[in-house]
Amino acid sequence: MAQFMPLADAIATHVHDGDTLAMEGFTHLIPHAAGHELIRQQKQELTVMRMTPDIIYDQLIGMGLVRKLVFSWGGNPGVGSLHRFRDAVEKEWPRALELEEHSHAGMACAYQAGASGLPFAVLRGYAGTDMPHYNPNIKRISCPFTGEQLAAVPAHRPDVAVIHAQKADRAGNVLITGIQGVQKEVVLGAKRAIVTVEEKVDDLGAGFNAIVLPHWVIAAVCVVPFGAHPSYAQGYYKRDNAFYTEWDDISRTRESFLAWIADYITGTRDHAGFMAKFNAAHSDKERSNG
Amino acid sequence: MAQFMPLADAIATHVHDGDTLAMEGFTHLIPHAAGHELIRQQKQELTVMRMTPDIIYDQLIGMGLVRKLVFSWGGNPGVGSLHRFRDAVEKEWPRALELEEHSHAGMACAYQAGASGLPFAVLRGYAGTDMPHYNPNIKRISCPFTGEQLAAVPAHRPDVAVIHAQKADRAGNVLITGIQGVQKEVVLGAKRAIVTVEEKVDDLGAGFNAIVLPHWVIAAVCVVPFGAHPSYAQGYYKRDNAFYTEWDDISRTRESFLAWIADYITGTRDHAGFMAKFNAAHSDKERSNG
Amino acid sequence: MADDTKAGYTRDELMIVEAARQLRSGQSCFVGIGMPSLAANLARLTHASEIILIYESGTIGAKPAVLPLSIGDQELAETADAVVSVPEIFTYWLQGGRINIGFLGAAQIDRYANINTTVIGGDGYHHPKVRLPGAGGAPEIATSCGEVFILLRQNSKSFVDKLDFITSVGHLDGGNARQRIGMPGRGPTRIITDLGILEPHPESRELMLTRIHPGVTVDEVLAATGWPLKVSEHLQQTEPPSQHYLDVMRDLQQRTAKAHAGGR
Amino acid sequence: MADDTKAGYTRDELMIVEAARQLRSGQSCFVGIGMPSLAANLARLTHASEIILIYESGTIGAKPAVLPLSIGDQELAETADAVVSVPEIFTYWLQGGRINIGFLGAAQIDRYANINTTVIGGDGYHHPKVRLPGAGGAPEIATSCGEVFILLRQNSKSFVDKLDFITSVGHLDGGNARQRIGMPGRGPTRIITDLGILEPHPESRELMLTRIHPGVTVDEVLAATGWPLKVSEHLQQTEPPSQHYLDVMRDLQQRTAKAHAGGR
């Protein structure tokens, strides 16, 4: 049953050192505030999974909190490389990073299998590629009717799913509007789910066939306005494309990265503090640029 | 690409004798008008699949058009038996009926596999039951990671899918609102899809995450008001529960069944004719009862 | 149907009330049409206001004001927290292990609570005397729900020594048979009939009569069972239904009849 | 980047226009961010108004007024005919065989149009010199689309004799290798570069230069290819881009830059 609580409490209560964590969101609704809170609380030895480990995981990796990454595309969308991810893989800084690498289809199907209570998923994929040589979690399976050879991947069953959504009602039912990614699957496949939302409302106003996650599949709901920034929340705010570009500079060197984290993440108490600082700095910047 | 055409033309063009046909709709949006048209056109030797072959298939079976039925629950919902279905199985009237019998989960997963372009589906089901003894399309499969034994069923890939929906826009994009059943899966898994709709509109008015089938996965769209009657269309008309009860009487004997078909189906030219006759008869009846 | 008793309620009414009393707020409950739906909604309207009703049509958290006549009534869709596809309800929700209680009926049940809803008599599956509707959602409800309640009037036609067909599995041939074939759920934990309640023996899993309804004798139950039914040493008597439960149930039934009468 | 030519357009512009010209109305096209998205939207805004653009974020039939910066921009969701989940886009739509054309880029490509977007150099997969983003949707786009177009600037760093890693399959080691391993799609049918167009030989499937862009010499193409590139006996020259296509493309790019500049 969903309990409303501050984000810091949700992370402290539901995320433990060594957990496998999936923070999903497909460009839209990426739970950045929750990622920042993991850094503030210095959660250790995490296995993190995500189709598109973008800035949110670049930060966790750069801070050395991640032991293993399960993923399918690790870049800064529309900008280029994730420098902290590359530094970890290429130079083992700040530590070596174990990789389990899939395709998008493999990840999506593994999440579906997790949500479906199945131990594995079947897809037509990976054939002829080098990916199975480096990922023992990609196997072949035969169709018992046609004999066709297909790929099998084990289900993703993370300890904790973290997603961001637009609204929760008083009972903790959650509404997702717009691009929905794999959020339903990761919540239903996880042992515990934390959902940050833009706001708590009396009535979701959800039509038929809207994407609603009922309160009883969620452990904690946290009201965190702008909780997806610099990603976007349809109906609330746009993607901060400029910050994705800035991240390329911030994250390029270890020093500038650590300075930014010290300033914006460990140097702020919570997401409201982060947003206040961020907005102040960026309105200054715009003024100085103007 | 969807073409608008009269229902009679769609059935004549896209349904051939011997085809495998799936007319889906889960209580809601059952494509009865299309079923009637199959009877008017006397399509022969059909294999028909449907999770819940209710009145619509009872009529096809009673008219001897069906060679084989693939299904998971064959009753008159909330009323009792399907007498024509029972007569075919128990007495082989008007002909023997081959059965391929699944559970709902098995059927739903087989449709998903069809839509997914996979040759089979995996589910945790059927274990310990007698169903696999009578259905060679239920096999066991091992998880390549855990060794768990699961069930496998072949994908459903019907020649023709037929569904009913609320609206189509001018391009032939179709909106389904409310209980959506397996309609998306059966359309995407079929070689050709016929969709009957309550009305053609300029703009579907579909919100984010609404169930929209794009025009380019549909062969024919037919505007057929009340095309789901006696089933219902959310936002248009309610389920005619009284007719489901009446069907128990109509279908109980071969004679009364054939008389009803002669009167209402082969005795009418199209669905508008059927509805006019049906409404006239039932308003008379109500008067005579009153 | 059972007769009215002097107590002011029928045995069917007692059966429904007793089934409702087994449910608790917060449980997720997979409900079929008919008696299970009546019992689950009675629970929701009395002591278990926060029970979560899930119908296989994809309606999650339905709160119908009147009982549905079909598994996909618009009343269910209009009152649900979420409406999802039928494949999703069977994969993510049922097989996904999200359902605490599954409610089943049956045409036949055996001593290990295996059930038949497929064929009866005649010359086997291909030439039955009576062709029943078939499996529906039952096999996987029986497999994947946390536990299963079966609601069924008790007589020697329905409580049989040997099923004509195993449609859905209870405890198979007993013992730890479910675990052996990898079934995640605990299977049927109680069979609620118009005469009493049967529960599986903790080890053998053979059904035992553990509770008997007021006004029913053990001999009557034994006569209504097609095998030598074991009776618990600690046989208890069911609480009679309270007037409040009877009132709520009858009111729900009347509202339902009224709502569906003006159907056309 | 290619220089401006006297012709009044850059080689990159010619590459994009040429890619757009390969597309037709009515085709369903799986599009990534960047050059493929630019080419596909250019086609939509010119000769192929009824082309169906599908992005892996689940947006089907997107008609963006400006180019998306990410695969899941709200512009895509707001203009799409349908928005579905990411698992659905990969299962029902891509693997389901509903996509005619898949558009891919690459870091490296070999003579059979196999591509690498995973790692380059260093000491193999575990200790690469350059860690690239990885597979994304490419392996299954390459598997399941009716055919695949690859859009890539041509030079000897990207057109290599041997890939450091096979991320997505083109024609493997040639011949009927795709059919042999059960791939439904035809695989890469054309590689559109800033120098010309390469197509697989009908039998060997080895890439051949079949068209060359205006102002480019065959020697230049050979020098930009890390293997001895075969040249078609019927080598043709690409049509220069019409002013209309250039105007529409530049206008789209300007609108895009303007829309995204005011981002915060």
Side-chain angles (χ1 to χ4, degrees), chain A residues 25-28 51-52 71-79 81-82 85-86 88-90 99 101-109 111-112 115 123-131 133-134 148-150 178-185 211 231-232 234 238-244 282 286, chain D residues 33-34 56-59 68-74 76-78 83-91 94-95 114 116-119 122 125-144 163 165-169 172 177-178 181-184 260-261 263-264:
Chain A
F26 206 84
T27 304
H28 182 213
M51 294 183 68
T52 54
F71 79 113
S72 43
W73 193 86
N76 183 342
V79 178
S81 289
L82 290 177
F85 162 65
R86 284 188 56 179
V89 174
E90 296 168 10
L99 298 183
E101 191 161 356
H102 290 274
S103 65
H104 275 353
M107 287 288 285
C109 290
Y111 280 127
Q112 282 196 306
L123 68 154
R124 186 178 292 103
Y126 295 118
T129 77
D130 280 337
M131 300 186 73
H133 305 151
Y134 298 98
E148 182 182 352
Q149 293 289 307
L150 295 147
I179 288 175
Q180 70 211 72
V182 291
Q183 278 97 306
K184 183 184 273 189
E185 287 74 16
I211 314 291
S231 161
Y232 74 103
Q234 187 85 47
K238 291 191 170 182
R239 191 170 187 264
D240 187 348
N241 290 314
F243 183 74
Y244 278 85
H282 287 80
E286 274 171 15
Chain D
I33 287 304
E56 66 193 15
S57 54
T59 48
L69 286 195
S70 82
I71 202 80
D73 267 21
Q74 63 186 43
L76 299 176
E78 284 163 359
V83 176
V84 303
S85 76
V86 165
E88 181 178 322
I89 208 78
F90 283 103
T91 54
L94 179 58
Q95 185 177 264
N114 304 300
N116 173 20
T117 58
T118 302
V119 286
Y125 176 78
H126 291 291
H127 298 92
K129 177 155 180 288
V130 179
R131 173 65 229 200
L132 302 166
E140 287 78 25
I141 291 171
T143 299
S144 291
L163 298 181
F165 190 100
I166 302 179
T167 313
S168 300
V169 158
L172 286 157
R178 286 183 65 90
I181 64 167
M183 295 198 149
H260 293 309
R264 189 175 289 150

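Residue numbers start from 1 in every chain, and the chains themselves are labelled A, B, ... in the order their sequence lines are given, proteins ahead of strands.
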Side chain from CB out, backbone as N, CA, C, O: work out which of these in [X] comes under 4.5 Å of a heavy atom of chain A, or both, or neither.
X	answer
D:Leu172	side chain
D:Pro139	side chain
D:Ser168	backbone
D:Asn114	neither
D:Glu56	both
D:Val130	both
D:Thr91	side chain

If you count heavy-atom pairs under 4.5 Å between each of [options] and chain D, which one has the most?
options	result
A:Ala127, A:Gly178, A:Ser81	A:Ala127
A:Ala108, A:Pro77, A:Gly74, A:Gly75	A:Gly74
A:His28, A:Lys184, A:Met131, A:His133	A:Met131

Next on the checklist: Would you say that A:Tyr126 contacts D:Thr143 through its side chain, given a criterion of any heavy-atom pair below 4.5 Å between the two side chains?
Outcome noted: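 With C-beta onward as the side chain, the pair stays apart.
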
Next on the checklist: Less than 6.0 angstrom from the centroid, inside 45 degrees of the normal: does D:Arg131 satisfy that with respect to the ring of A:Phe85?
Outcome noted: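 No, D:Arg131 does not lie over the aromatic ring of A:Phe85.
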
Item to check | Greater than 12 external heavy atoms within 6.0 Å of D:His127's NE2 | outcome: no

Checking heavy atoms, do the side chain of [X], its backbone, both or neither come under 4.5 Å from chain D?
X	result
A:Met107	neither
A:Glu90	both
A:Leu123	both

Are the side chain of [X] and the backbone of [Y] linked by a donor-acceptor contact shorter than 3.5 Å?
X	Y	result
D:Thr167	D:Thr117	yes
D:Asn116	D:Val119	yes
A:Ser231	A:Thr27	yes
D:Tyr125	A:Tyr134	no
A:Asp240	A:Phe243	yes

